[in-house]
Amino acid sequence: MVRQPLSKRANKYLRKFRKWPHSPYKTPWHHNFGQQQAMQKLKQATLEMGFSQEPQTANLPHPFLLSTLIDSFKAYSCDPTPKAYYFVIKTLTNTSQLQDIPALLDHLEHLEKFETPESVLVYLIRFYGLSDKVQDAVDLFFRIPRFRCTPTVCSLNLVLSLLCRKREYLKMVPDILLKSQHMNIRIEESTFRVLIKALCRIKRVGYAIKMLNCMIEDGYGLDETICSSIISSLCEQDDLTSGEAMIIWRDMRKVGFCPGVRDYTNMIRFLVKEGKGMDALDVLNQQKQDGIKPDVVHYTMVLSGLVAEGEYVKLDQLFDEILVFGVVPDVYTYNVYINGLCKQNNIDEAFKIVASMEELECKPNVVTCNTLLGALCLAGDLRKAREVMKEMGWKGVGLNLHSYRIMLDGLVGKGEIGEACFLLEEMLEKCLFPRSSSFDNIIFQMCQKGLIAEAIELTKKIVAKSFVPGARTWEALLLKSGFKQGFSETTVFGLLGQN
DNA sequence: ATAGGGTTAG
């Protein structure tokens, strides 16, 4: 590992690299010296008492650190510094000695004279908020002025962001905003940013958008990161429809939002997921106009959206465009396109694409094969489907659950019960279960053919694997076995008993 | 600078 030179890593607030020396005129040097000595004493005493700065190491009860603080400073006859309080507060929080904090705060409030730095209180507010003591955090926020400290937007933003972490606290936000006005805290753009991002995080996009509009009305400049947050959460929620999302997208662009790649990706993904392939295509075209070159992923998503909408002409155009623009399609892209061809029942063309994939050294995968298998089974071409399955074997494309289910349904659909049972055995060995409707279908067909004993055997086997057959299985078994005396009670109810 | 983002299945 290459280390950076110390000077580059250095924090300029560390004494060694401090830009400005402590101002000598405020405190006489000896007073300052005394305070430093007292601080040393405090730190030393803290260590000796077994406090450690490492969190969660102290579990013994400790003497009250506040007295140590006071004693240390008394010994050098000087006043405790804010720094000393900060040190004690940090020690207490790091060692989970929270019970001592209220007394310390009371002392700080009533017996000290100095202006408490906001950062000290901010530290404690954040600590409370993050350790699920939100009410304590809020109380401390309101109490800030009593520590002779003028709260700024920093504290406000912190409290707001803490409240926004959980829905249950969200209702406190308006009250805090109102009261903060009485505390003379000026709301800033950053406050809006905190609130909007928090709303986005908890997927209240509607409110986030309203707030964005307020910001715009109040004359704040458009913040791109806020827009991006809104777009991103817009795309994750399901309260707003894709139509509403499109309107919001358009309005944002109207007021000058320039989406980035991420925004385009999110938007396209959302539209495709909502079945709006043509809208996704629109957005893709905007992206090109904005000079952001779509990559394979963008194209692949839009292609799949077009397949879903059955827009095959657009599909072909876009697939051609990919090649023209020099974007290299990958398995995902080909799979989507092949799926499109299969949906059009153009299986021959699909196989041609597979062949060209192999020429281009883009190896077909399970998804490719499953797509072909599905199309072949649907077309009733079991011969070819079997071939594809065999090929998967030698090409090292492992069959997955879906491959088996597709093939099983293909066989059952064609009434190939013997072969279906054979495949089912193979599945059960691998602990891959059929869809229950497929199993029901097999049993139903077996019963139709009078293979009742076999049907019961198979049901037993699958029930033993704690698979629950559907109603149709039981119905088929009961109806058929009812013809043979005693079968229904002894066998079928026996099966039921196993579960 | 890099990874991850995207595909099939009634």
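Below, read A as the first sequence line, B as the second, and so on, with proteins coming before strands; counting in each chain starts at 1. Nothing here was measured: the structure is a model prediction, and the numbers come from that model.
Legend: salt bridge (charged side-chain N to carboxylate O under 4.0 Å, His left out) pairs involving residues 408-425 of chain A, not counting sequence neighbours, sorted by first then second residue: A:R386-A:E419, A:D409-A:R435, A:E425-A:K461.
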Going 5' to 3' through nucleotides 2-8 of chain B and flagging B where a protein heavy-atom sits under 4.0 Å of the base, S where only the sugar-phosphate is that close, and - otherwise, we get --BBBBB
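Between A:K166 and A:D132 a salt bridge is recorded (basic side-chain N to carboxylate O distance below 4.0 Å). Salt-bridge check for A:R250 with A:D282: failed, with every basic side-chain N at 4.0 Å or more from each acidic carboxylate O.
Remark: A:E454 pairs with no residue by the salt bridge (charged side-chain N to carboxylate O under 4.0 Å, His left out) rule, at least two apart or across chains.
Taking the six-membered ring wherever Trp is involved, the centroid distance between the rings of A:W249 and A:Y264 falls below 6.0 Å.
Per the geometry, CG belonging to A:L373 stands 11 Å off P belonging to B:dG10, to the nearest Å.
Residue A:S403 is classed as having no contact, given no heavy-atom separation below 4.0 Å to the nucleic acid.
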